[in-house]
Amino acid sequence: MARPSTHIWRLLKWGRTLARHGALRGIESDPNTPAPIKRLARIARFGTRQPDTPDYAGAFRDIGPAAIKLGQTLATRPDLVGEEAARNLLMLQDNLPPVDFTEIRASIEASFEQPIEALWAEFDPVPIGAASIAQVHRAVTTEGRQVAVKLLRPGVREQFARDISTYEWAAAHLESFGGEAARLRPRLIIANFKRWTNRELDLRREAASASELAQHMVGTAGYEIPGIDWDRTNGRVMTVDWIDGIKISNTEAIRAAGHDTAELASRLVLAFLKQAIAAGFFHADMHQGNLFVKADGTIAAIDFGIMGRIDRRARMWLAEILYGLTTGNYKRVAEIHFEAQYVPSYHDVDEFATALRAVGEPMRGKPVSELSVGQMLDGLFAITRDFDMQTQPHLLLLQKTMVMVEGIATQLDPAINMWDVSAPYVRSWIRDELGPEAALADRIREDTGTLLRIPELVRRIEERFPPKGGAPEAPPLPKVELMWERRRRKARGRGMLGYAFAAVAGGLAAWAATMQGWIG
C-alpha cells in the first residue's frame, strides 16, 4: 500500500497537468469544493500558464491510460464535474501510439507458451487500432479463418493498479469532508470504476461477456456479436471473428451503400433497449468506433470490455420511469423514485413530480436535434441536489450508454425522436412483465417454489429436533449442588457480610466523630 506522501505527490503531478490545460479553474470556482481541495489545486497550478478555454479531454489524455478511462466515466456526470467539463470529456478519444510488435510477440508467446506461428498462419504486425488498455491486430488462423486479435499492453495492469489506489485514497478523503462531497459518493464511483476496469484488464471476461450478450440477442434481427475463438483466448489475448463493414460514424458511405440510416438509428435504439431492459445486460461502450454496418445492413458490435448489468427490480423501475416520461405521467415517475429510495422519504412526492415535469415536458414530441436525452439527464442531475438524491453508481453506465446511443442515432437520423422510438417497446415490455398475466405467473412461480421447499424444510426441522427414539423417557433428576458452586456461594456470602460490617463500622465512626465535635 502506497504511503500518503506518494498519493499526494501523484495528485500534485496530475494537478499540474490539469492546470496546464486550464482544467482546475472549475474546481477552484465551485462553491461546493471543500477548502482543502481548493488549496491543493492552487498549489498544483502555481507557476503554470492556463489557457482561456479549459481542455479537460486533453488533460486526461496527457495524464495516462487510467485517467482516459476515468475521464470517459466522468463525461456522464455533469452534476459532479459541471456541464462544460462533461461536454468536453465526451470528446475524449481512447487512442494511443501502438506498442512495438517485438514486445507484442513476446507477450503472446509467453502467455500461450508456444510460437505465434503455431496459432496464426498470418499475423499483421501493424495494429488496426491502439487504445489505452489494448491494441488490435488482424490475423488468419491456421485453419484459414479471418480474425481480430486483441492484446493487452505490457505493464498496463500494474499501471492501472497504482493509479486506482490513488483515486481510492483521494475519494475517501474527499467524501470525509461531508456535505455535497459525501452526497455525490465519490468512493462508490471509484469502486465501480475499479470493477469496470478490472473486467477490461482480463480478456477472458471480455470474451465471456461477448458470448453472454450474443445469447441474449438471439432472435434479434439485424444485430450481430462476433464469435469467440476460445482456443486462442486467455487473460491477455482475445481472438474474435473478423467483422467486415462500414464504421457507423461514416454516414455518407452507409448511404452510398444503399442503407436506410433512419431505420438503422431506430434499430440501434431498440437493440440497446432490449439489452438494458429485457436482458439487464448491455454493451456499455457503444461509441462510434465499436459499431459497424455490414453489407447486408446488419449492425455488428465489437469491444465488450465495459458491460452494464441491472437487476430485474431496477429494470422494472427504469421501464416505468422511461414510459412515464414519454407519456407525461410525472406523478408515477416520482413515486418510483420514492419506492426505489432514490429520493429520501422526508421529501414531498408531489413537489418532486413538479420538478420532473419541468425537466420532461419541454422534451415531449420534439426531435433529438432540438432536445435530447443527454439534456434530460442534465436536467435530472440539476434537481438531485434539491431533493438530496445520492448518486446511484449502478445506473452510471446506463446513463453513459444512453448518451452514446443518442449521439449515434442522431448522426444517422437528425430527425429521430427517441421517445417515439422507445415508447412502443417499453410499453410492450411493461405489459408483458408488469401486467396481470405476468403478476399471476410470478405468484404461481413463487408459491409453487415455496410448496416444493416444504419437504426440505420439514427434514431440516427433524434434523434440529430429532424424535426421542425407543428408549423410555428419563425420570426427573434431583438438583445437586456442585462443590465449586458451593464454594462460590459461600464466598459471595462472606463478601456481603464484610460489606455490611464495613458499612456499620463506618457509620458508628462518623457518629462518634460528630459527638466529639471533630466534624460537622
Side-chain angles (χ1 to χ4, degrees), residues 57-58 60-61 65-76 87-99 124 126-139 146-153 156 196-197 199-201 203 206-207 209-210 213 222-226 238-255 257 259 261 264-265 267-269 271-272 275 282-295 297-308 374 397 400-413:
F60 279 83
R61 188 169 51 248
I68 291 173
K69 290 295 181 185
L70 180 62
Q72 290 174 332
T73 301
L74 295 177
T76 64
R87 281 194 299 270
N88 184 268
L89 287 170
L90 283 173
M91 300 183 295
L92 184 57
Q93 296 298 312
D94 189 4
N95 48 51
L96 292 175
V99 177
D124 191 346
V126 179
I128 59 173
S132 56
I133 286 180
Q135 59 190 55
V136 181
H137 293 253
R138 187 168 186 169
Q146 296 277 340
V147 293
V149 184
K150 184 174 183 178
L151 315 118
L152 289 184
R153 285 174 171 268
V156 70
W196 302 336
T197 53
R199 186 186 300 149
E200 282 195 87
L201 291 167
L203 295 184
E206 179 175 344
S209 295
L213 186 62
Y223 194 88
E224 180 182 318
I225 308 295
M238 182 179 71
T239 305
V240 301
D241 291 341
W242 180 260
I243 296 293
D244 268 322
I246 304 168
K247 273 193 177 183
I248 205 165
S249 58
N250 192 349
T251 52
E252 291 184 6
I254 291 172
R255 291 193 185 98
H259 302 300
T261 54
L264 285 172
R267 194 180 342 137
L268 178 65
V269 172
F272 164 68
Q275 294 173 34
F282 61 93
H283 187 195
D285 202 13
M286 295 175 69
H287 62 73
Q288 295 175 342
N290 287 340
L291 295 169
F292 295 84
V293 179
K294 299 178 68 175
T298 299
I299 297 174
I302 63 169
D303 195 354
F304 306 96
I306 305 177
M307 303 297 292
L397 277 180
K400 167 191 170 185
T401 310
M402 286 174 69
V403 173
M404 285 182 175
V405 170
E406 178 201 51
I408 298 171
T410 307
Q411 188 171 0
L412 290 168
D413 179 15

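Atom set for the values below is all heavy atoms of this structure, side chains included, hydrogens, waters and symmetry mates excluded. All values reported here derive from a predicted model rather than from experimental measurement.
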Taking all non-hydrogen atoms of both residues, which atom of [X] and which atom of [Y] are closest, and how far apart?
| X | Y | value |
| --- | --- | --- |
| L412 | I254 | CD2-CD1, 4.2 Å |
| K69 | S132 | CE-OG, 3.6 Å |
| I243 | I302 | CG1-CG2, 4.2 Å |
| M286 | I408 | O-CD1, 2.9 Å |

Is the side chain of [X] donor-acceptor paired with the backbone N or O of [Y] at a distance under 3.5 Å, no angle test?
| X | Y | result |
| --- | --- | --- |
| Q411 | T251 | no |
| E206 | F304 | yes |
| H137 | V149 | no |
| D303 | D285 | no |
| H259 | A253 | no |
| Q275 | L213 | no |

Nearest 0.5 Å, what's the [atom1]-[atom2] distance between [X] and [Y]?
| X | Y | atom1 | atom2 | value |
| --- | --- | --- | --- | --- |
| S249 | F292 | OG | CZ | 8.5 Å |
| I133 | T197 | CD1 | OG1 | 6.5 Å |
| I128 | K150 | CD1 | NZ | 11.0 Å |
| K294 | E224 | NZ | CD | 3.5 Å |
| I306 | F282 | CD1 | CZ | 10.5 Å |
| I68 | F60 | CD1 | CZ | 10.5 Å |

inquiry  = Set out, in order, the CA-CA distance, both residues' side-chain angles and the distance that settles side chain to side chain contact (heavy atoms under 4.5 Å, CB included) for R138 and W242, then state yes or no.
reply    = CA-CA 8 Å; R138 187 168 186 169; W242 180 260; 3.4 Å; yes

inquiry  = Please evaluate residues D244 and Q146 with respect to the criterion side chain to side chain contact (heavy atoms under 4.5 Å, CB included), reporting the C-alpha separation (whole Å), side-chain torsions for both, the decisive distance (0.1 Å), and the verdict.
reply    = CA-CA 10 Å; D244 268 322; Q146 296 277 340; over 6 Å; no

task = Could you tell me whether the side chain of I225 reaches within less than 4.5 Å of the side chain of H283, counting heavy atoms only?
result =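 No, their side chains stay 4.5 Å or more apart.
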
